[in-house]
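Following: one structure in structure tokens, then a few remarks.
These numbers come from a predicted model, not from an experiment.
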Amino acid sequence: MDQCRRNMRKLQFALIFMLIWQSRADSSDPFLLQTQSLPSDLNFMPSLSNGHLGYTVFGDAIFMNGVYNGATGNSKRARIPNWININAEICDRFGCEQPTHISYEMNLRDGYFHYTKSYASIGITLEQRTYPHRYYNRALIYEVLATRHATSTFINSPRFLKLTQQPGNASDAFDFVVVNNGSDAVGDYRQLRGRTRIVELEKFQPQAHEIHVAFSESLEQPRQVPWPTWQAQLQHRVAISLDRVESVALKELQDVMRLSDAALLASHTKLWHEFWQQHFSIEITGNALEFSRIVNAGIFYLVSSLPTLSSNQPNDPYYGLSPTGLARGNLEADYQGHNFWDTEIWMLPVATQFGYDYGKLLLEYRFRHLDAAQYNANATGFKGARFPWESAYTGTEVTNPCCPEVSQQEIHISPDISFALQKFFAQSQDYDWLCERAWPIVAEIADFLLSRASCEANACHFRQVMGPDEDHANIDDNVYTNAVSKIALDFAAWTADKCDSNTNHSARIANWQQLRNQLVILYDAQLDYHPQHLGYQLQAIVKQADTILLGYPLQFDTSSTHLNDLHYYANVTRESGPAMTWSMFAANYLGTAEFSRADEYFTRGYQSYVRPEFKVWSETPIGYDGSANFLTGIGGFLQALIFGYGGLNFARVNDTLQLQLTTANVPPNVQQLQVKYIQFADSKCSWQFSHENSTMNCSGPSTQHFELIQGNKHTQLGSNFTVTLNRGDLPLQIQLLNADKTSQA
Ligand SMILES: *[C@@H]1O[C@H](CO)[C@@H](O)[C@H](O)[C@H]1NC(C)=O
Ligand SMILES: *[C@@H]1O[C@H](CO)[C@@H](O)[C@H](O)[C@H]1NC(C)=O
Ligand SMILES: *[C@@H]1O[C@H](CO)[C@@H](O)[C@H](O)[C@H]1NC(C)=O
Ligand SMILES: *[C@@H]1O[C@H](CO)[C@@H](O)[C@H](O)[C@H]1NC(C)=O
Ligand SMILES: *[C@@H]1O[C@H](CO)[C@@H](O)[C@H](O)[C@H]1NC(C)=O
Ligand SMILES: *[C@@H]1O[C@H](CO)[C@@H](O)[C@H](O)[C@H]1NC(C)=O
Ligand SMILES: *[C@@H]1O[C@H](CO)[C@@H](O)[C@H](O)[C@H]1NC(C)=O
Ligand SMILES: *[C@@H]1O[C@H](CO)[C@@H](O)[C@H](O)[C@H]1NC(C)=O
Ligand SMILES: *[C@@H]1O[C@H](CO)[C@@H](O)[C@H](O)[C@H]1NC(C)=O
């Protein structure tokens, strides 16, 4: 072919491809994140997980739920080389072609990462897709599809695909041995066995973790897949399965390899579609495409770190949502994959909206590690259960040795867990769960608080603590810690009444109630605000949202004092504070009806934290070093949207459990939000809200009868109902008519 014709052809292809890309780039689909360029820092590539396995696209690590390596504070997620990070090239025996164009796409609706390399001059496209399977959740999938376009010349067309695995360095967390080198025969897979090197704490982990990895083929050497020139398309797939149990890993790979490429993908996307259609979605109307994408990506990254609710083989117990999720854990910035208060205070309130099962799975992690929390209380000289500031596999304290004071002083994590248990119960109204799961935890936490408090002359204190504001160590009576402890003690006493048949415990319960009544809440009468802790001077800079949390989420104080807290602390909060700090200011300003401030903080709480390409969050604003895939920030953001703008709350008010609705608002440029579904008791509600009104449409079993309370007016709603709250109306509460233990049980 002469040079001129070759160039013509190049031009033709360039045009065709430009048209394709352009129509894609114009797409107004809020579930597609498309870009022509990657983030400058590849930590901000999408993190993909399925609750069992996780990896960051193009990253060097795979992580498995609950698999950590290292003793106590050095325990961190054990890095498995990223064997599913595979790169395909188009080659012939003289070398490989350079793509003329690459476009990347994160498909949130279907749950996969996809990218297309185009070779305009030879009329070929190469599409690659990778995803952790949501049903076959021991498996990670890589697929490549090469296409010769009709007009391409077959004569000089390349003859093979070259697949190169880029797993990164050998792992320092595992010793791997080859168990089987594999062969071409189906079912005879290459297989490795890995053992972690160091246990977390022998008392709770007698043996190292063992994992089994099975590969559909060996890619130890770059693999050449022949592509005969008469063949228009070539499709190839690589699967890897990983599990603690060898037979589970092998079965998973066999089950996966039995399916066609299309069937395998369809069984994955089906579960994602079910999630968006039947579990949770927020549809946004307005001039808000970018905002919708951020919302959808936030939901996606959060839920993808949670276990799948239906899987080919039973799930292992779940070891929790670390601040940067299951797909990360190797960097210091990944908090070693540990669990913090982030789970209960920032992420759980949103995860519960995805479905009660997700909320239960998160809280189940605490239940399963109650013994470790009791051990931790005892080891530090206290009674009851003291949940560690950081925990990983064993549930014992694993705070990084750098910073012992956070584990010694941030005792608020234990009452934070009680608060979350109460919140979950107020919404789900699951009395069996309350008595079987929540009660043992809240009782032991109340005992811990009792042993940790110092009381004199009818006043009790928590001394030498640290609140959420980690810039102030060793302080007394952090107001947030004391307020959340009062809530925890109150809930413990209330739950005892429902769940504890042992009447001999009345002294224990009376002690909890007494401590609740006597714990001091510092108050400055002159300025009518809450000093963050004893000796706090108003101008002192604080790290993050702390005292303001007394409003949202604690609902502990929503008086004028709270409004003053907001105004004072807004002025002294560090610029570099984490994203959810601003989300909490937004939620609280919405509660106090200061809308322009709320909008300003809400926008601040996400705009500079979300990296543009794949809407991956950073812990700190652009320009500061921070953690990638910061799920905690997403949790704060979605809480501000649902509970702040939406004006929704779930609460236990003495003996009743209520869904409370106040006047709704909408973020800038948004007209309406439609949330599907919010659950309340055993009902599912679709909920729409705008600046004008808020409508909840709920249906559920006919055994449930609800009542609407608005001001002094009580109205019976029956079991299926629609209620609308217009701007200016009094707040409303919905509660079950027959709400008590006996009628529920
Ligand atoms: C991989 O190992 C090499 C050689 O030890 C080292 O220089 C490099 O930093 C390592 N890469 C990563 C990402 O850890
Ligand atoms: C796998 O192959 C390597 C290199 O050929 C060989 O040394 C090793 O013994 C084989 N292992 C197994 C388990 O077959
Ligand atoms: C810790 O447990 C040991 C053994 O049960 C017990 O003797 C000790 O009193 C406990 N310490 C505290 C502070 O409760
Ligand atoms: C309550 O305490 C008394 C006296 O200590 C004991 O006899 C009785 O069995 C206890 N009851 C329960 C339900 O534990
Ligand atoms: C906050 O700072 C602004 C500007 O510096 C000032 O005008 C305002 O009075 C301060 N508010 C409070 C409550 O200190
Ligand atoms: C809850 O109970 C307390 C104590 O019995 C009572 O003072 C308070 O008014 C009750 N609150 C509501 C909202 O009914
Ligand atoms: C709620 O307000 C919207 C405008 O935002 C309006 O279209 C809709 O009809 C209203 N719904 C009800 C039930 O009043
Ligand atoms: C409420 O939802 C039900 C079923 O989901 C639907 O049939 C009904 O039309 C809805 N009602 C309103 C007022 O939107
Ligand atoms: C309420 O809605 C549910 C689900 O849509 C339906 O199965 C049930 O029959 C309805 N109950 C009544 C009393 O209409």
For [Y], is there any backbone N or O sitting under 3.5 Å from a side-chain donor or acceptor partner on [X]?
{"X": "Tyr68", "Y": "Gly337", "answer": "yes"}
{"X": "Ser304", "Y": "Leu48", "answer": "no"}
{"X": "Gln128", "Y": "Ala88", "answer": "yes"}
{"X": "His133", "Y": "Leu264", "answer": "yes"}
{"X": "Asn85", "Y": "Gln166", "answer": "yes"}
{"X": "Asp110", "Y": "Thr269", "answer": "no"}
{"X": "Ser618", "Y": "Thr620", "answer": "yes"}
{"X": "Ser627", "Y": "Phe630", "answer": "no"}
{"X": "Glu252", "Y": "Ser241", "answer": "no"}
{"X": "Trp276", "Y": "Asn296", "answer": "no"}

Side-chain donor-acceptor contact under 3.5 Å, [X] with [Y]:
{"X": "Asp60", "Y": "Asn169", "answer": "no"}
{"X": "Thr130", "Y": "Tyr55", "answer": "yes"}
{"X": "Gln313", "Y": "His52", "answer": "no"}
{"X": "Asn180", "Y": "Asp188", "answer": "yes"}
{"X": "His114", "Y": "Glu127", "answer": "yes"}

Item to check | Neighbour count >12 (heavy atoms, 6.0 Å) for atom CD, Glu220 | outcome: no
Item to check | Neighbour count >12 (heavy atoms, 6.0 Å) for atom CD, Gln235 | outcome: yes
Test: [X] and [Y] ion pair at under 4.0 Å:
{"X": "Asp334", "Y": "Arg77", "value": "no"}
{"X": "Arg604", "Y": "Glu600", "value": "no"}
{"X": "Arg129", "Y": "Glu105", "value": "no"}
{"X": "Lys615", "Y": "Glu290", "value": "yes"}
{"X": "Asp243", "Y": "Lys251", "value": "no"}
{"X": "Asp29", "Y": "Arg109", "value": "yes"}

Checklist entry - Is the distance between the ring centroids of Tyr131 and His268 less than 6.0 Å? => result yes
Next on the checklist: Can you confirm whether or not the ring centre of Phe300 sits under 6.0 Å from the ring centre of Trp272?
Outcome noted: yes
In terms of relative ring orientation, are [X] and [Y] parallel, tilted or perpendicular, with 30° and 60° separating the classes?
{"X": "Tyr115", "Y": "Phe113", "value": "tilted"}
{"X": "Tyr358", "Y": "Phe275", "value": "perpendicular"}
{"X": "Phe637", "Y": "Tyr606", "value": "tilted"}

Checklist outcome for this item: On a heavy-atom basis, the closest approach of Leu641 and Pro667 is CD1-CG, 3.5 Å
Value rounded to 0.5 Å, distance of [atom1] in [X] from [atom2] in [Y]:
{"X": "Ile62", "Y": "Ser49", "atom1": "CD1", "atom2": "OG", "answer": "11.5 Å"}
{"X": "Ser247", "Y": "Gln254", "atom1": "OG", "atom2": "CD", "answer": "10.0 Å"}
{"X": "Gln165", "Y": "Glu217", "atom1": "CD", "atom2": "CD", "answer": "9.0 Å"}

Next on the checklist: My understanding is that only one of Asn50, Thr308, Asn312 makes a side chain to side chain donor-acceptor pair (under 3.5 Å) with Asn137; could you say which?
Outcome noted: Thr308
Next on the checklist: With side-chain hydrogen bond (donor to acceptor under 3.5 Å, both in side chains) as the criterion, how do Arg328 and Thr56 come out once you've worked through the C-alpha distance, each side chain's angles and the decisive distance to 0.1 Å?
Outcome noted: CA-CA 7 Å; Arg328 308 189 58 84; Thr56 297; 3.3 Å; yes
Next on the checklist: Checking Trp582 against Tyr609 for the side-chain hydrogen bond (donor to acceptor under 3.5 Å, both in side chains) test, could you report, in this order, the C-alpha distance in whole Å, the side-chain angles of both residues, the deciding distance, and whether it holds?
Outcome noted: CA-CA 11 Å; Trp582 317 123; Tyr609 292 85; 2.8 Å; yes
